Amino acid sequence: MRPVIGLTTSSFLPDSASSMERYGIAAVYCRAVVVAGGAPLLLPGLGDLEAVHAVFPLLDGLLLTGGPDAHPARYGQAIHPGCGRIDEARDSTELALLEQVKASRLPTFGICRGNQMLNVAFGGTLIQDISSERPTPLDHRGSDLEPSRPVHLVRPVAHTRLAALLGADPIPANSMHHQAVDRVAPGFVVNAWAEDGTVEGIESGEYPFLLAVQCHPEHLFSSESRWLRLFESFVQAAAAHAAAHRAVAV
Ligand SMILES: [Mn+2]
């Protein structure tokens with residue numbers, strides 16, 4: 001049985017292409033989960049906590065995807081002028097999911113916004129806008145128009161799970177973010193740095209699989225197999241969680 005991987009989604013407001021609000025994510029997230037052996041299940045960011053509690057027991061793993069900015073009040077700050085679009089219903093949904101993760105130790109993988117939400121949910125803070133708050137020569141939005149194009153190196157930190165999966169050598173990564181982790185949440189460590197000192201991922205050794213990256217491996221795994229290992233390791237952890245959960249249920 002494939003483990004069921006819940007993926008959080010973005011809300012798309014009515015625009016020139018559609019008069020309807022929609023929920024969705026890039027298809028490559030789902031393809032990466034399938035290639036790694038999981039079964040993707042999309043989760044709308046409605047902000048309905050009863051719905052979260054009803055759906056959560058169906059999940060064997062949780063993938064927090066990219067998206068808009070977390071409300072800075074979630075980490076005790078006022079909105080900085082450089083902060084971008086906020087979706088409070090999605091914030092509520094993901095933070096409720098992560099409260100369930102804390103209780104259940106469900107394997108969880110964060111990507112981009114997912115890296116930031118994981119840090120916020122566990123008590124860390126964010127840089128609201130890198131270019132205005134921490135100017136750097138690196139262009140962390142450099143892959144916006146071409147998501148599979150690496151634009152800077154990421155250096156895995158020795159003795160982290162990420163380094164065990166990617167190897168210790170610097171690895172080219174794409175980058176589509178303007179925020180980043182600032183103060184790292186208690187219980188977490190930085191698992192990768194960009195060369196300008198930007199946090200490119202965090203993880204906790206206190207859970208079976210609780211790991212996140214700031215780049216977008218879902219756009220890289222098909223051309224660089226090292227990135228596929230992240231999805232494979234995550235899905236394996238989800239399968240182990242499912243096996244243990246079913247054993248308890250019997
Ligand atoms: Mn970056």
Side-chain angles (χ1 to χ4, degrees), residues 8 10 25-26 28-29 32 63-70 72 75 77 80 82-86 94 108-122 124-158 160-163 165-185 188-204 210-231 234:
T8 55
S10 286
I25 48 170
V28 282
Y29 284 111
L63 203 171
L64 300 164
T65 64
D69 294 345
Y75 46 94
Q77 295 183 11
H80 182 279
C83 188
R85 185 168 84 85
I86 292 167
E94 291 184 336
T108 297
F109 182 23
I111 292 177
C112 195
R113 168 193 164 90
N115 181 57
Q116 297 162 10
M117 288 304 292
L118 196 59
N119 192 53
V120 169
F122 282 81
T125 66
L126 304 180
I127 300 167
Q128 293 190 40
D129 184 52
I130 295 170
S131 63
S132 57
E133 293 186 78
R134 311 280 172 89
T136 162
L138 287 190
D139 182 6
H140 288 280
R141 307 213 72 148
S143 308
D144 276 356
L145 298 178
E146 201 177 340
S148 60
R149 187 170 69 95
V151 291
H152 67 66
L153 291 174
V154 161
R155 294 183 183 278
V157 173
T160 60
R161 182 191 284 257
L162 188 76
L165 292 168
L166 291 180
D169 295 336
I171 182 168
N174 51 3
S175 191
M176 291 181 267
H177 60 109
H178 81 109
Q179 299 196 324
V181 167
D182 192 1
R183 194 181 71 233
V184 178
F188 281 75
V189 296
V190 174
N191 60 19
W193 298 97
E195 287 172 292
D196 62 356
T198 298
V199 174
E200 288 284 336
I202 59 169
E203 63 184 63
S204 170
L210 192 55
L211 177 150
V213 292
Q214 189 60 60
C215 69
H216 285 269
E218 76 281 10
H219 286 287
L220 301 171
F221 78 93
S222 54
S223 56
E224 167 55 78
S225 62
R226 278 181 287 178
W227 293 111
L228 180 59
R229 295 179 199 154
L230 271 60
F231 291 97
F234 166 53

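Each ligand, and each atom within it, is numbered from 1 in the order the structure gives. Heavy atoms only: backbone and side chains are in, while hydrogens, waters and symmetry mates are out. None of these values were measured; they are calculated from a predicted model.
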Just checking: T198, one of its N/O/S atoms, less than 2.8 Å away from the Mn ion (ligand 1), yes or no? no
Would you mind checking if D182 and R134 are paired as a salt bridge, meaning a charged N to carboxylate O distance below 4.0 Å? yes
So the angle subtended at the Mn ion (ligand 1) by H177 atom NE2 and H140 atom ND1, rounded to 10 degrees, is 80°
With the Mn ion (ligand 1) as the apex, the OG/NE2 angle for S175 and H152 - to 10°: 90°
Let me know which of H178, R113, R85, Q116 forms a side chain to side chain donor-acceptor pair (under 3.5 Å) with D69. H178
When you compare the side chains of H216 and E218, does any donor N or O come within less than 3.5 Å of an acceptor on the partner? yes
Here the N/O/S atom of E200 closest to the Mn ion (ligand 1) would be OE2
For a quick check under 3.5 Å, do D139 and H152 share a side-chain donor-acceptor pair by atom type? no
